[in-house]
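Quick note: residue numbers are just sequence positions, from 1.
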Amino acid sequence: MENRQNGEAKKEEEPKDSICGYDSLHLLLKDNLNPHHFQEVSRLLTGLNCGKAIETIALPESATALSVEHGFDLQAFSFSADKEQLREPRVVRVGLIQNSTALPTTAHFADQKKAIFEKLKPIIEASGSSGVNILCLQEAWMMPFAFCTREKRWCEFAEPVDGESTKFLQSFALKYNMVIISSILERDINHGEVIWNTSVVIGNHGNIIGKHRKNHIPRVGDFNESTYYMEGNTGHPVFETVYGKIAINICYGRHHPLNWLAFGLNGAEIVFNPSATVGELSEPMWPIEARNAAIANSYFVASINRVGTETFPNAFTSGDGKPAHADFGHFYGSSYVSAPDASCTPSLSRYRDGLLITDMDLNLCRQFKDKWGFRMTSRYELYADTLGRYVKPEFEPQVIIDPLLHRKAS
């Protein structure tokens, strides 16, 4: 395994939770296939952007030095669009951060939170020094992902929209002229302290533009999130920023095609998917769903997953007959960006903290709306009619039964 530009050198033993000793499938294939074979495999796995492979971009030495010093994966790529005669390119630089927790879950909650803030500082600084315009953090980045435990004490991490985590990030937004998306556990002070899973959108002037609450709450495996918060009530908002129109499809919402569709109908150009998902449950789905959404809705999708294994002091069960366990499983990272032309970046590490920086020309969104015509060829009136009937108690599926269905063959 070759040395990496971001400080990850070859190791004698395979790192735990790596892919055969590699950070990602992309690197495993690159190091073990001859160049021609790798080029063809990569063409099929990551697609072509404007007819060519995704290009890497150089970052300032200050950013690469931080990645080496603090041991986080750092990768950077660029999506282009065709040159137009009536519009100038609209290039936006997007940053995605994936990270593990900084202290054991048994540490004092104040210490855990402070340690996460300190851990993220150099990664955010690397984003800022690299000229990132929009930065997105993973789901519930300011705490351990304790929603598997059903223990209410973890609600102590919940905070108002303008709370400690937002204030921490506002200074970076102002310093670097960045829009920052921060997914937190929100305590709604004005409504009886109800708790939500919320993404706060911080403007490049350090202001709070708005918030979006998670629409879909999982009820599968150890994801006992309905113990902590309800389905969101903010609809499918798109936030118009100086860098473009953005939306946030939080975690489990990526499994719902109509959720992706609604953000697109409201005009999103980039949809962020801050997530926390484990390998045993969803890893084969991870490279597919967001990429499909980018294609179907003609926008960019930025997918972020946390990384690491978080162990809790009290064992819990999944209701599946298996023994009680104290960890949720491995959060497999692998954050990546998908484009409307079916191309995508290689993913970040499966087991290390990381920063993925991507330049994207938003003109590509309209170009692929024009090329494929999905908006023009969709039949929304038919879908609306079916959905309108489906939500009624007296709904009956439109099924035509063969009148000879039960007739025996002669």
Quiz item: Is Q112 reaching over with its side chain to a backbone N or O of T105, donor-acceptor style, under 3.5 angstrom?
Solution: yes
Quiz item: For residues H236 and N266, is any side-chain donor paired with an opposing acceptor at under 3.5 Å?
Solution: no
Quiz prompt | Heavy-atom closest pair, residues P346 and Y336 | solution = O-CB, 4.1 Å
Quiz item: Should E159 and K167 count as an ion pair when the cut-off is N to O under 4.0 Å?
Solution: no
Quiz prompt | Heavy-atom side-chain contact between W196 and M230 under 4.5 Å | solution = yes
Quiz item: What's the verdict on ring-ring contact (aromatic ring centres under 6.0 Å, His included) for Y22 and H26, showing C-alpha distance, side-chain angles and the deciding distance?
Solution: CA-CA 9 Å; Y22 290 84; H26 179 84; over 10 Å; no
Quiz item: Any ion pair linking R350 and E14 (charged N to carboxylate O, less than 4.0 Å)?
Solution: no
Self-check item: Side-chain touch T46/C344, heavy atoms, less than 4.5 angstrom
Solution: yes
Practice problem: Report yes or no: does Q138 contribute a side-chain atom to a donor-acceptor pair with the main-chain N or O of N99 at less than 3.5 Å? | Solution: yes
Quiz item: Taking side chain as C-beta onward, heavy atoms only, is Y243 less than 4.5 Å from V94?
Solution: no
Exercise. Tell me yes or no: between the side chains of N49 and S80, is some donor less than 3.5 Å from an acceptor?
Key: yes
Quiz item: Salt bridge check: are E88 and R90 linked by an N-O gap of less than 4.0 Å?
Solution: no
Quiz prompt | Under 3.5 Å: donor-acceptor pair, side chain of R219, backbone of I217 | solution = yes
Quiz prompt | Listed once per pair and sorted, the side-chain hydrogen bond (donor to acceptor under 3.5 Å, both in side chains) pairs that draw on residues 116-133, sequence neighbours left out | solution = S62-S129, S100-K119, E118-K121, K119-D353, E125-K175, E125-Y176
Quiz item: Do other residues, nucleotides or ligands put more than 12 heavy atoms under 6.0 Å from the CD atom of Q85?
Solution: no
Quiz item: Where the side chain of T345 meets the backbone of V337, is there a donor-acceptor pair that is under 3.5 Å apart?
Solution: yes
Quiz item: Can you tell if the side chain of F79 reaches within under 4.5 Å of the side chain of D361, non-hydrogen atoms only?
Solution: no
Practice problem: Indicate yes or no for a side-chain donor-acceptor contact from S282 to the backbone of M285 under 3.5 Å, with no hydrogens or angles considered. | Solution: no
Quiz item: Does some side-chain heavy atom of K245 sit less than 4.5 Å from a side-chain heavy atom of F263?
Solution: no
Practice problem: Taking all non-hydrogen atoms of both residues into account, name the closest pair between T64 and S67 and its distance. | Solution: O-OG, 2.7 Å
Practice problem: Decide yes or no on side chain to side chain contact (heavy atoms under 4.5 Å, CB included) for M178 and N204, but give the supporting numbers first. | Solution: CA-CA 4 Å; M178 278 194 299; N204 58 306; 5.8 Å; no
Self-check item: R153/E151 salt bridge by N-O under 4.0 Å criterion
Solution: yes
Quiz item: Short question: side chain of Q98, backbone of S335 - any donor-acceptor pair under 3.5 Å?
Solution: yes
Quiz item: According to the interplanar angle, ranging from 0 to 90°, do the rings of H70 and F72 count as parallel (below 30°), tilted (30 to 60°) or perpendicular (above 60°)?
Solution: parallel
Self-check item: Side-chain H-bond candidate by donor/acceptor type, H256 with N259, under 3.5 Å
Solution: no
Quiz item: Have H212 and S199 got a donor and an acceptor in their side chains that come within less than 3.5 Å?
Solution: no
Quiz item: Do S275 side-chain atoms and N273 backbone N/O form a donor-acceptor pair below 3.5 Å?
Solution: yes
Quiz item: Think K114 forms a cation-pi with F109, using NZ or CZ under 6.0 Å from the six-ring centre and within 45 degrees of its axis?
Solution: no
Quiz item: Does the distance from a Lys or Arg side-chain N to an Asp or Glu carboxylate O, for R389 and D385, drop under 4.0 Å?
Solution: yes
Exercise. Please answer whether the main-chain N or O of N207 pairs with a side-chain N or O of H205 as donor and acceptor at a distance below 3.5 Å.
Key: no
Quiz item: Taking all non-hydrogen atoms of both residues, which atom of C20 and which atom of L28 are closest, and how far apart?
Solution: CB-CD1, 3.6 Å
Practice problem: Would you sort out whether W286 and Y332 count as a side chain to side chain contact (heavy atoms under 4.5 Å, CB included), showing the intermediate values? | Solution: CA-CA 10 Å; W286 181 252; Y332 52 83; 3.3 Å; yes
Practice problem: Using distance alone, with no hydrogens and no angle criterion, decide if D73 and Y351 have a side-chain donor and acceptor under 3.5 Å apart. | Solution: no
Practice problem: Spell out, as yes or no, whether a donor-acceptor pair under 3.5 Å connects the side chain of N297 to the backbone of Y299. | Solution: no
Self-check item: Heavy-atom check, side chain of V278 versus side chain of H330, under 4.5 Å
Solution: no
Quiz item: Should L29 and S42 count as side-chain neighbours, where that means a heavy-atom distance under 4.5 Å?
Solution: no
Exercise. Indicate whether the side chain of W154 and that of T149 have a donor and an acceptor atom separated by less than 3.5 Å.
Key: yes
Exercise. Decide, yes or no, whether a salt bridge links K371 with D82 under the criterion of side-chain N to carboxylate O below 4.0 Å.
Key: no
Exercise. Check the pair L169 / W141 against side chain to side chain contact (heavy atoms under 4.5 Å, CB included), numbers first and verdict last.
Key: CA-CA 12 Å; L169 294 173; W141 66 272; 3.7 Å; yes
Practice problem: For E55 and S78, indicate whether the former's side chain and the latter's backbone hold a donor-acceptor pair under 3.5 Å. | Solution: no
Practice problem: For the residue pair L355 and V132, establish whether any side-chain heavy-atom pair is separated by less than 4.5 Å. | Solution: no
Practice problem: Under the side chain to side chain contact (heavy atoms under 4.5 Å, CB included) rule, what do N190 and D188 come out as? Steps first, then yes or no, please. | Solution: CA-CA 6 Å; N190 291 337; D188 187 356; 4.0 Å; yes
Quiz item: What orientation do F147 and Y229 show, parallel under 30°, tilted 30 to 60°, or perpendicular over 60°?
Solution: perpendicular
Self-check item: side chain to side chain donor-acceptor pair (under 3.5 Å), paired with N197, selected from E139, H216, E231
Solution: E139
Quiz item: Parallel, tilted or perpendicular: which fits the ring planes of F145 and F328, with parallel below 30° and perpendicular above 60°?
Solution: parallel
Quiz item: How long is the gap from CE on M142 to CG on L185, to the nearest 0.5 Å?
Solution: 6.0 Å
Quiz item: For the residue pair F316 and F312, does the interplanar ring angle fall in the parallel (under 30°), tilted (30 to 60°) or perpendicular (over 60°) class?
Solution: perpendicular
